[in-house]
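Worksheet: the structure to be examined is printed underneath.
When reading the values below, keep in mind they use all heavy atoms of this one structure, side chains included, and skip hydrogens, waters and symmetry mates. Nothing here was measured: the structure is a model prediction, and the numbers come from that model. Chain identifiers are assigned alphabetically (A, B, ...) following the order of the sequence lines, protein sequences preceding nucleic acid strands; residue numbering begins at 1 within each chain.
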2 protein chains.
Amino acid sequence: MKLITREVDYAVRALAAVARAGGGLSAAGLAGPAGVPRPVLRKIMQALSRGGITRSSRGRGGGFVLARPPRRISLGDIIAAVRGPLKFNDCVFGGALCHNHRTCLLRGRVAAIERKVLDEVRRVTLADLS
Amino acid sequence: MKLITREVDYAVRALAAVARAGGGLSAAGLAGPAGVPRPVLRKIMQALSRGGITRSSRGRGGGFVLARPPRRISLGDIIAAVRGPLKFNDCVFGGALCHNHRTCLLRGRVAAIERKVLDEVRRVTLADLS
DNA sequence: ACTGAATGATACTAAACTTGTATCATTTAA
DNA sequence: TTAAATGATACAAGTTTAGTATCATTCAGT
């Protein structure tokens, strides 16, 4: 099971580069140094913008800047933007079939673990990763 | 991302049934009540036996029993047997290409989180889940 | 011995997710 | 007007997960 997929890894590297640069950086400018295929990086940067982590400016000379300081961008934010929210806990029986859904012992335990992981990934910030 | 895949979920249910039964249970006897396709359950039970969580007896009247008391079978054991060890941390660059492998900040953080999750899944036992 | 019920091992198919590619539309500065 | 950039979206390939099928082996009961 991967917590950090390739896309998350790319996203962290790209954001670190944006943070270092201070000014705006284009996807093309990011992809090269990071060793990431340009179209992939574009998709990732778009997801980060949709998630409110970066702000983009279009057109010639455009690019991406951080929407807030690195210390206020968490690994959890990045994962959520790129992959959607964490879900350790996909009930096999989808709630409909399983009457124990609310009381299921496994699910309760796993939900608790998931909350801890969420705490952890929110505690790590881009500032720690740059 | 799923910590609990369908197979792990099945495995927990099946083991809980074995624990309740006290005596040995066959895959066929387990699959029905749990609502799991029989061949799937067989594969899972085989994995659990290979992992030393259950002991099997073959031939007529055979089946599965727990290899040790429920309190000593952890969710971590079950996950490891069915899916292999947890790996949050698949380095994108596979170590060969990436010179920062040892110092990579992201990897260090994620490894720490992984250790915590390992602690957690080892702390939950089959006895808690039955 | 024979038979039927059971696991061991393994190969295969199907579905879902991840990764990477391609295209076209829109915006903006020069 | 043009070139450089993002927005949106559709598509293809690769990998993982889920489920199926088969044959070999073991063992109790007759």
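- Comparing R42(B) and A28(A) by the nucleotide of DNA chain D whose heavy atom lies nearest to each, the residue mapping closer to the 5' end is A28(A).
- By the side-chain hydrogen bond (donor to acceptor under 3.5 Å, both in side chains) test, K116(B) is found to be paired with E120(A), residues two or more places apart in sequence or in another chain being considered.
- Considering only side-chain N and O atoms, Y10(A) lies nowhere under 4.0 angstrom from the phosphate OP1 or OP2 of dT19(C).
- L3(B) is listed as a side-chain neighbour of L86(B), based on a closest heavy-atom distance under 4.5 Å.
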Exercise. Can R13(A) and D9(A) be said to form a salt bridge (charged side-chain N to carboxylate O under 4.0 Å, His left out), step by step?
Worked result: CA-CA 6 Å; R13(A) 289 167 198 273; D9(A) 200 334; 2.8 Å; yes
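- Taking the side-chain hydrogen bond (donor to acceptor under 3.5 Å, both in side chains) definition, one finds that R68(B) meets it with D77(B), sequence neighbours left out.
- The distance from atom CZ of R55(A) to atom P of dA5(D) is 20 Å, rounded to the nearest whole Å.
- Among the heavy atoms of the strands lying under 4.0 Å from P37(B) are primed sugar atoms or P, OP1, OP2 only; no base atom is included.
- By the side-chain hydrogen bond (donor to acceptor under 3.5 Å, both in side chains) test, K43(A) pairs with no residue at all, sequence neighbours left out.
- Within 4.0 Å (heavy atoms only), A27(B) reaches sugar-phosphate atoms of the nucleic acid but no base atom.
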Atom pairs under 3.5 Å: protein N/O with N/O of nucleotides 10-18 of chain C:
from	atom 1	to	atom 2	distance (Å)
dT18(C)	OP1	R83(A)	NH2	3.0

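- Within the 4.5 Å cutoff, the side chain of V12(A) has no heavy atoms near those of the I4(A) side chain.
- To the nearest angstrom, C1' of dA18(D) lies 13 Å from CG of L41(B).
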For this session: Check the pair L30(A), M45(A) against side-chain contact (heavy atoms from CB on, under 4.5 Å), reporting the backbone distance first and the verdict last.
Result: CA-CA 10 Å; L30(A) 284 164; M45(A) 295 313 294; 4.0 Å; yes
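- Put simply, CD1 on I44(A) is 13 Å from P on dT6(D), counting in whole angstrom units.
- Within the 4.0 Å cut-off from OP1 or OP2 of dT6(D), not a single side-chain nitrogen or oxygen of S49(A) is found.
- Straight-line distance from the NZ atom of K87(B) to the P atom of dT17(D): 11 Å, rounded to whole Å.
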For this session: For L48(A) and F64(A), run side-chain contact (heavy atoms from CB on, under 4.5 Å): C-alpha distance rounded to whole Å, both residues' side-chain angles, the deciding distance at 0.1 Å, then the answer.
Result: CA-CA 10 Å; L48(A) 291 172; F64(A) 301 90; over 6 Å; no
Report, one pair per line, the protein and nucleotides 25-30 of chain D atoms (nitrogen or oxygen only) whose separation is under 3.5 Å.
from	atom 1	to	atom 2	distance (Å)
dT25(D)	O2	R58(B)	NH2	2.8
dT26(D)	O2	G59(B)	N	3.2
dC27(D)	O2	R60(B)	N	3.4

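- In this structure T5(B) satisfies the side-chain hydrogen bond (donor to acceptor under 3.5 Å, both in side chains) test with no other residue, sequence neighbours excluded.
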